[in-house]
A.B. asks: 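The structure under discussion is supplied below as structure tokens; questions concerning it will follow.
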2 protein chains.
Amino acid sequence: MFDYQGKAEMEGSDKKGSDTRERLIQAAGEIFAQRGFKGATVREISRRANANIAAVNYHFGDKEELYYEVLKNSLSSVIEKYPPDLGVTPESTPEERLHAFIRSLLFRVLDESRPTWHTRLMAREIAEPTAALEQMIENILGPLYGYLTVVVKQLISDKANDELVHNCMFSIMGQCLFYHNARHVISKLYHKKFGPEVIERLSTHIMRFSLGAMKDLGILDTPYTHK
Amino acid sequence: MFDYQGKAEMEGSDKKGSDTRERLIQAAGEIFAQRGFKGATVREISRRANANIAAVNYHFGDKEELYYEVLKNSLSSVIEKYPPDLGVTPESTPEERLHAFIRSLLFRVLDESRPTWHTRLMAREIAEPTAALEQMIENILGPLYGYLTVVVKQLISDKANDELVHNCMFSIMGQCLFYHNARHVISKLYHKKFGPEVIERLSTHIMRFSLGAMKDLGILDTPYTHK
DNA sequence: GTATGATTAAAACATTTGTTTGAATCAGTC
DNA sequence: GACTGATTCAAACAAATGTTTTAATCATAC
């Protein structure tokens, strides 16, 4: 009765006390992000979570349900870290909102100082959707694009039709996401590392590039001059 | 000597007589692009190629070697379809070269009217590199980026340092590749299809957007006015 | 302490998957 | 036709993998 052998002490890295279910989600997230759904094995997940092989099926039913649970966890984590209003005040100008949007997106996608598997897992789901993409669009991408739509519409006059709005949105999103999608190639070709200060400069570049572009297109609503 | 049975006729769906090795590469390309290296099975590949299960190992040694062969085939195919000089004349202006570059890249990435697995396979390799990425950079991506570097340098004054040149390059590449990387999301959110005329308009948008941006940055070398 | 329900553990199961084997078939040459 | 080397075929093998099973262990309430 006192031979309690500390079922959850010092497992793996450092933390204690975490429930098996939680550890499984954490471990599965890392491994799914790294190897994909097919490439990840229940055995490796269980091993990293210091859990038994049967734990996955006991707690989640099967591997696929675990994947959905991991993705759901990833979504809510991203939502709370990056809420739809991205830390701008109601008095912020559209230009400030755009810069905040770009900055936030870049950091979300490039910052390697914190666990990066949420981003990589979502990128994987975007590139090769499973049934879970619907959820992701509804909870994350839809609102994100909706927010950007508002910002862009505030920046360009109402002469702009939907196609132009969308094109500008995609031009902005594309510039940001490129650094994530092509990170291995960039790293090999230019030996570039994305520390916080580099990300900061990148966000400034993309904002100027995009604002300049929209201004030159003659559709910028409020005259903008970068310093 | 005259019983040549047309080994390369209509090898698309069901015909026989095409060399087994070629059919395996074709089938493997499609399936690797669709399911990834892990997800693709030699049984499905063999079935689609109308070949025996042992054919892969007989002709290529193992599955991995087949993958490299497929990728190599994909590279050379892309090279001959889109040579480094992208159909511009020596007299072309830098603006024309940029437009041609963007147009070519967009069509390469979005045109669904021709077999699309080359693009998807390369995108997969870029997102999650295997040992084959080196080859790909050396033969395709390196020259491509090099070409764009020259074009961008011709467009912006020599006041521009390398960082600015790279940033502009990435802004251009990012805009183009976004439509491929996010195609499923775009399709679900905006029900957009990428026919040739849409791609044409996209390429015009990206060119104007980028030229406008660079002009507004005050670094455009030759004054450019879009009509 | 005992009973109960939840959780964990070790082993085994069934299927899939890459690969190999050995015989059969084909193409070309004498 | 017979020989030869290349190719195809059906079958089997060995390893990996998701899942299940059955017993042990834990937490908790009585």
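Note that this is a predicted model, so its numbers are computed, not measured.
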A.B. asks: In whole Å, what is the span from the CZ atom of A:Phe32 to the C1' atom of D:dG18?
C.D. replies: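 Checked: the CZ to C1' distance equals 12 Å.
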A.B. asks: Counting side-chain heavy atoms from C-beta on, which of D:dT8, D:dT20, C:dT19 comes nearest to A:Asn57?
C.D. replies: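 Between D:dT8, D:dT20, C:dT19, the one nearest the side chain of A:Asn57 would be D:dT20.
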A.B. asks: Using whole Å, what does the distance between atom P of nucleotide C:dA14 and atom NZ of A:Lys63 come to?
C.D. replies: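 Computing the A:Lys63:NZ to C:dA14:P distance gives 21 Å.
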A.B. asks: Pick the closest DNA chain D nucleotide for A:Gly39 and for B:Ala51 by heavy atoms, then say which residue is nearer the 5' end.
C.D. replies: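 Per heavy-atom nearest nucleotide, the more 5' residue is B:Ala51.
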A.B. asks: Looking at D:dT7, I'd like to know if its phosphate oxygens (OP1 or OP2) sit under 4.0 Å from a side-chain N or O belonging to B:Thr20.
C.D. replies: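 For D:dT7, OP1/OP2 do not have a side-chain N/O of B:Thr20 under 4.0 Å.
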A.B. asks: Write down the distance between CG (B:Asp62) and C1' (C:dT19), rounded to a whole number of angstrom.
C.D. replies: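 Those two atoms, CG and C1', are 9 Å apart.
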A.B. asks: Taking only side-chain nitrogens and oxygens of A:His59, does any of them come within less than 4.0 Å of OP1 or OP2 of C:dT8?
C.D. replies: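 So the side chain of A:His59 is within the cut-off, an N or O lying under 4.0 Å from OP1 or OP2 of C:dT8.
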A.B. asks: Give the nucleotide from the list D:dT19, C:dA9, C:dG18 with an atom nearest to the side chain of A:Asn52.
C.D. replies: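 Side chain of A:Asn52 sits closest to C:dA9.
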A.B. asks: How many whole angstroms separate atom OH of B:Tyr58 from atom P of D:dA10?
C.D. replies: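 Going from OH in B:Tyr58 over to P in D:dA10 covers 17 Å.
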A.B. asks: I'd like to know if A:Glu112 and A:Lys193 make a salt bridge, using a cut-off of under 4.0 Å between side-chain N and carboxylate O.
C.D. replies: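 No, A:Glu112 and A:Lys193 are not salt-bridged.
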A.B. asks: Would a line drawn from the ring center of B:Phe178 to the ring center of A:Phe178 be shorter than 6.0 Å?
C.D. replies: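 They do not qualify: ring centres at least 6.0 Å apart.
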A.B. asks: Rounded to whole Å, please give me the gap between CZ in B:Phe60 and C1' in C:dG18.
C.D. replies: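 Answer to the nearest Å: 15 Å.
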A.B. asks: Send over the distance from A:Glu44 CD to D:dA15 C1', rounded to a whole Å.
C.D. replies: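 A:Glu44 atom CD is separated from D:dA15 atom C1' by 17 Å.
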A.B. asks: Side chain of A:Thr41: nearest nucleotide among D:dG18, D:dT7, C:dT19?
C.D. replies: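 Taking heavy atoms from C-beta onward, the closest nucleotide is D:dG18.
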A.B. asks: Please tell me whether A:Gln34 and A:Glu30 have a donor and an acceptor in their side chains that are separated by less than 3.5 angstrom.
C.D. replies: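 Not at all, the side chains of A:Gln34 and A:Glu30 share no donor-acceptor pair under 3.5 Å.
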A.B. asks: Find the distance B:Ile53:CD1 to D:dC13:C1' and express it as a whole number of Å.
C.D. replies: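 The distance from CD1 of B:Ile53 to C1' of D:dC13 comes to 13 Å, rounded to the nearest Å.
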A.B. asks: Which nucleotide, D:dG18, C:dT8, D:dA12, lies nearest any side-chain atom of B:Arg43?
C.D. replies: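 Of D:dG18, C:dT8, D:dA12, D:dA12 is nearest to the side chain of B:Arg43.
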A.B. asks: B:Tyr190 and A:Phe170: aromatic ring centres closer than 6.0 Å?
C.D. replies: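 Centroid separation for B:Tyr190 and A:Phe170: below 6.0 Å.
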A.B. asks: What I want to check is whether the side chains of A:Thr149 and A:His166 have a donor and an acceptor closer together than 3.5 Å.
C.D. replies: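 On atom types as modelled, these side chains do not qualify, holding no pair under 3.5 Å.
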A.B. asks: When the distance from CD of A:Glu64 to P of D:dG18 is rounded to whole Å, what number comes out?
C.D. replies: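 Atom CD in A:Glu64 sits about 12 Å away from atom P in D:dG18.
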A.B. asks: Answer with base, sugar-phosphate or nothing: what part of the nucleic acid does B:Ala54 contact at a heavy-atom distance below 4.0 Å?
C.D. replies: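 Base: the residue B:Ala54, judged by heavy atoms under 4.0 Å, touches a nucleobase.
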